[in-house]
K.L.:
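One structure coming up, written as structure tokens, with questions to follow.
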Amino acid sequence: MNFRGDEIDLFSFYLDNGFNIGETEYEELFHIDLTLKSKALDPYFIGKHRGITVKKPYLKKTKYWNDLLVMLDENAKNWLQTSYILLNLPEEDQLKFEKNLKHLSCRVVKGKCIRRHNWLVMYCGPARRKYAIVGYPYKDTDKETRNDIINEIMASFDNEKNIRGIVILGYNLDSKNYPYSVIAGSLKTDFFDSLELKLKIE
């Protein structure tokens with residue numbers, strides 16, 4: 001994407017939307033002017049310098065999403081890649097994920113699901129570089145069966161060529177661990193877009 005601005009302008013822009021701008025990212029003729037975007041951060045930096053308490057700017061996230069990221073940072077392997085995928089989901093979609101997960105979990109607990117094992121999927125990122133976040137609530141399930149289901153979930157994405165990364169969040173409804181019971185994922189070698197060098201011949 002073509003833009004005008006410096007590093008602090010970019011940082012301020014990130015705090016607005018996490019760089020989630022959809023297909024606009026790939027529109028070659030699109031240009032965005034971020035000049036002076038950093039001014040939105042000035043009250044915090046100036047206040048901190050003068051010893052005045054000013055609320056720190058932050059990327060908007062739900063409490064659950066923030067707790068999830070903190071837990072990943074402290075405990076999970078591949079936390080950086082996993083966090084990157086999770087941060088691709090805007091706050092409004094985080095709320096949808098949590099709402100749908102709560103609904104599915106209630107159905108699992110009450111035995112109202114048709115299938116023995118159920119999960120939900122939420123996609124994020126532009127069409128050519130998608131990431132999948134899966135919520136898998138389960139109960140009365142041993143570790144071996146749980147792992148088999150996780151592998152089945154992984155396999156369900158095999159034919160989706162534009163999937164760059166997958167995060168599976170498992171929730172054992174018998175123990176109710178927070179913010180998740182188990183985490184798994186698949187990181188392909190083309191996790192990010194390749195930077196193509198364009199040569200201009202004159």
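Values below: every heavy atom of this structure, side chains too, minus hydrogens, waters and symmetry copies.
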K.L.:
Do the side chains of E91 and K61 get nearer than 4.5 Å, heavy atoms only?
P.N.:
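Of all side-chain heavy-atom pairs linking E91 with K61, none is under 4.5 Å.
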K.L.:
Within the side chain of N100, is there an N or O that forms a donor-acceptor pair under 3.5 Å with the backbone of K96?
P.N.:
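Side chain of N100 to backbone of K96: a pair is present.
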K.L.:
Once rounded to the nearest 0.5 Å, what's the spacing between atom OG of S38 and atom CG of L10?
P.N.:
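The CG atom of L10 is 10.0 Å from OG of S38, to the nearest 0.5 Å.
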K.L.:
Given side chains that start at C-beta, do those of L86 and Y131 come closer than 4.5 Å, heavy atoms only?
P.N.:
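Side-chain contact under 4.5 Å: no.
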K.L.:
Could you state the interatomic distance from OH (Y58) to NZ (K60), rounded to the nearest 0.5 Å?
P.N.:
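Y58 OH to K60 NZ: 7.0 Å, rounded to 0.5 Å.
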K.L.:
Are the side chain of D73 and the backbone of L69 linked by a donor-acceptor contact shorter than 3.5 Å?
P.N.:
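No, because the side chain of D73 does not come within donor-acceptor range (under 3.5 Å) of the backbone of L69.
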K.L.:
L59 and Y44: same hydrophobic cluster, using ILVMFWY side-chain contacts below 4.5 Å?
P.N.:
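Yes, it is one cluster - the side chains of L59 and Y44 are joined through contacts under 4.5 Å.
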K.L.:
When you group the ILVMFWY residues by side-chain heavy-atom contacts below 4.5 Å and let the links chain together, are I46 and L15 in the same group?
P.N.:
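The answer is no; the residues belong to distinct hydrophobic clusters.
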K.L.:
State, yes or no, whether a side-chain contact exists between K139 and V108 at a heavy-atom distance under 4.5 Å.
P.N.:
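SC-SC contact between K139 and V108 confirmed.
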K.L.:
Could you pull out the closest heavy-atom pair between I85 and A132, with the gap in Å?
P.N.:
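Here I85 and A132 meet closest at CG2-O, 4.5 Å.
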K.L.:
Quick one, I168 and I183 - any side-chain contact, counting heavy atoms below 4.5 Å?
P.N.:
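Not in contact.
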K.L.:
So, for L104 and C113, which heavy atoms are closest and what is the spacing to 0.1 Å?
P.N.:
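Looks like CD1-SG, 4.1 Å.
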K.L.:
Which heavy atom of A127 sits nearest a heavy atom of K130, and at what distance?
P.N.:
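Heavy atoms only, the tightest pair is O-CG, 3.5 Å.
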K.L.:
Looking at R4, I want to see if its CZ is surrounded by more than 12 non-hydrogen atoms of other residues, nucleotides or ligands under 6.0 Å.
P.N.:
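Not more than 12 within 6.0 Å, no.
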K.L.:
Measure the shortest side-chain to side-chain distance between F157 and V121 over non-hydrogen atoms and say whether it is less than 4.5 angstrom.
P.N.:
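The answer is yes, as the side chains (C-beta and beyond) meet within the 4.5 Å cut-off.
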K.L.:
So, taking the atom named CG in L36 and the one named CG in D9, what distance separates them when rounded to the nearest 0.5 Å?
P.N.:
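Going from the CG atom of L36 to the CG atom of D9 covers 7.0 Å.
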K.L.:
In terms of side-chain geometry, is the basic nitrogen of D16 or K37 positioned less than 4.0 Å from the acidic oxygen of its partner?
P.N.:
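The answer is yes: the pair qualifies as a salt bridge.
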K.L.:
Counting C-beta onward and ignoring hydrogens, is there a side-chain heavy-atom pair between Y14 and L87 closer than 4.5 Å?
P.N.:
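Side-chain contact under 4.5 Å: yes.
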K.L.:
Looking at residues at least two apart in the chain, or sitting in another chain, which of them share a side chain to side chain contact (heavy atoms under 4.5 Å, CB included) with D142?
P.N.:
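Here the qualifying residues are E144, T145.
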K.L.:
Under the side chain to side chain contact (heavy atoms under 4.5 Å, CB included) criterion, do L169 and Y171 qualify, and how do the steps go?
P.N.:
CA-CA 7 Å; L169 298 165; Y171 304 90; 3.4 Å; yes
K.L.:
I want to check something: taking the side chain as every heavy atom from C-beta on, are Y180 and M71 in contact at a cut-off of under 4.5 Å?
P.N.:
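The answer is yes, as the side chains (C-beta and beyond) meet within the 4.5 Å cut-off.
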K.L.:
Are there more than 12 heavy atoms of other residues, nucleotides or ligands under 6.0 Å from atom NE2 of H49?
P.N.:
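Counting other residues, nucleotides and ligands, NE2 of H49 stays at 12 neighbours or fewer.
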K.L.:
Sequence neighbours left out, what passes side chain to side chain donor-acceptor pair (under 3.5 Å) with E98? Give chain and number order.
P.N.:
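Expected list: T62.
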K.L.:
How far apart are the C-alpha atoms of R146 and V182, what are their side-chain angles, what is the distance that settles it, and do they pass the side chain to side chain contact (heavy atoms under 4.5 Å, CB included) test?
P.N.:
CA-CA 10 Å; R146 181 203 68 190; V182 64; 3.9 Å; yes
K.L.:
Any side-chain heavy atom of K143 sitting closer than 4.5 Å to one from N147?
P.N.:
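Touching, per the 4.5 Å side-chain cut-off.
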K.L.:
Does either side chain, that of Y123 or that of E160, offer a donor lying less than 3.5 Å from an acceptor on the other one?
P.N.:
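Present: a donor and an acceptor within the cut-off.
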K.L.:
Using side chain to side chain contact (heavy atoms under 4.5 Å, CB included) as the criterion, list what pairs up with K112, not counting sequence neighbours.
P.N.:
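With neighbours one apart ignored, the set is R107, K110.
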K.L.:
Kindly determine whether N66 and K63 satisfy side chain to side chain contact (heavy atoms under 4.5 Å, CB included), including the steps that lead there.
P.N.:
CA-CA 5 Å; N66 188 70; K63 180 184 182 305; 5.7 Å; no
K.L.:
Counting distance only, does the side-chain N/O of Y138 pair as donor-acceptor with the main-chain N or O of G170 below 3.5 Å?
P.N.:
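No, because the side chain of Y138 does not come within donor-acceptor range (under 3.5 Å) of the backbone of G170.
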K.L.:
Are I32 and F19 connected, step by step, through hydrophobic side chains (Ile, Leu, Val, Met, Phe, Trp, Tyr) whose heavy atoms are closer than 4.5 Å?
P.N.:
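Shared cluster, yes.
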K.L.:
Say whether L34 and F45 are linked into one hydrophobic cluster, either directly or through other cluster members, by side-chain heavy-atom distances under 4.5 angstrom.
P.N.:
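Yes, it is one cluster - the side chains of L34 and F45 are joined through contacts under 4.5 Å.
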K.L.:
Quick one: does N159's side chain have a donor or acceptor within less than 3.5 Å of a partner on S156's backbone?
P.N.:
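Flag not set: sc N159 to bb S156 has no pair under 3.5 Å.
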K.L.:
Where do C124 and I133 come nearest, in terms of heavy atoms and distance?
P.N.:
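Closest pair (atom of C124, atom of I133, distance): SG-CD1, 4.2 Å.
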K.L.:
Could you check V167 against Q81 for side chain to side chain contact (heavy atoms under 4.5 Å, CB included), going step by step and ending with a plain yes or no?
P.N.:
CA-CA 9 Å; V167 174; Q81 299 95 323; over 6 Å; no
K.L.:
Of all heavy-atom pairs between M154 and A184, which one has the smallest distance, and what is that distance?
P.N.:
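Residues M154 and A184, closest heavy atoms: CE-C, 4.1 Å.
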K.L.:
NE2 of H117 to CD1 of I153: how many Å apart, nearest 0.5 Å?
P.N.:
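One finds 9.5 Å between NE2 of H117 and CD1 of I153.
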K.L.:
Any donor and acceptor pair, going by atom type alone, linking the side chain of N20 with main-chain N or O of N17 inside 3.5 Å?
P.N.:
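Between the backbone of N17 and the side chain of N20 there is a qualifying donor-acceptor contact (under 3.5 Å).
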K.L.:
Would you say the ring centroid of F11 lies under 6.0 angstrom from that of F13?
P.N.:
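Here the rings of F13 and F11 have centres that are no less than 6.0 Å from each other.
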K.L.:
Before we go on, tell me: are the rings of F97 and W65 under 6.0 Å apart, centre to centre?
P.N.:
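Centroid separation for F97 and W65: below 6.0 Å.
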K.L.:
Determine the minimum heavy-atom distance between F3 and G5, stating which atoms define it.
P.N.:
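For F3 and G5, the tightest heavy-atom pair comes out as CE1-O, 3.8 Å.
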K.L.:
Find the distance between CG (D42) and CD1 (I8) and round it off to the nearest 0.5 Å.
P.N.:
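Reported to 0.5 Å precision, the distance equals 10.0 Å.
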K.L.:
So does D140 get a backbone contact from the side chain of D174, meaning a donor-acceptor N/O pair under 3.5 Å?
P.N.:
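Checked: pair present.
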K.L.:
Could you measure the distance from the CD1 atom of I163 to the OG atom of S186? Nearest 0.5 Å is fine.
P.N.:
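Reported value, rounded in 0.5 Å steps: 10.0 Å.
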K.L.:
Following the transitive rule for hydrophobic clusters with a side-chain heavy-atom cut-off under 4.5 Å over Ile, Leu, Val, Met, Phe, Trp and Tyr, establish whether W79 and V70 coincide in one cluster.
P.N.:
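Cluster IDs for W79 and V70 differ.
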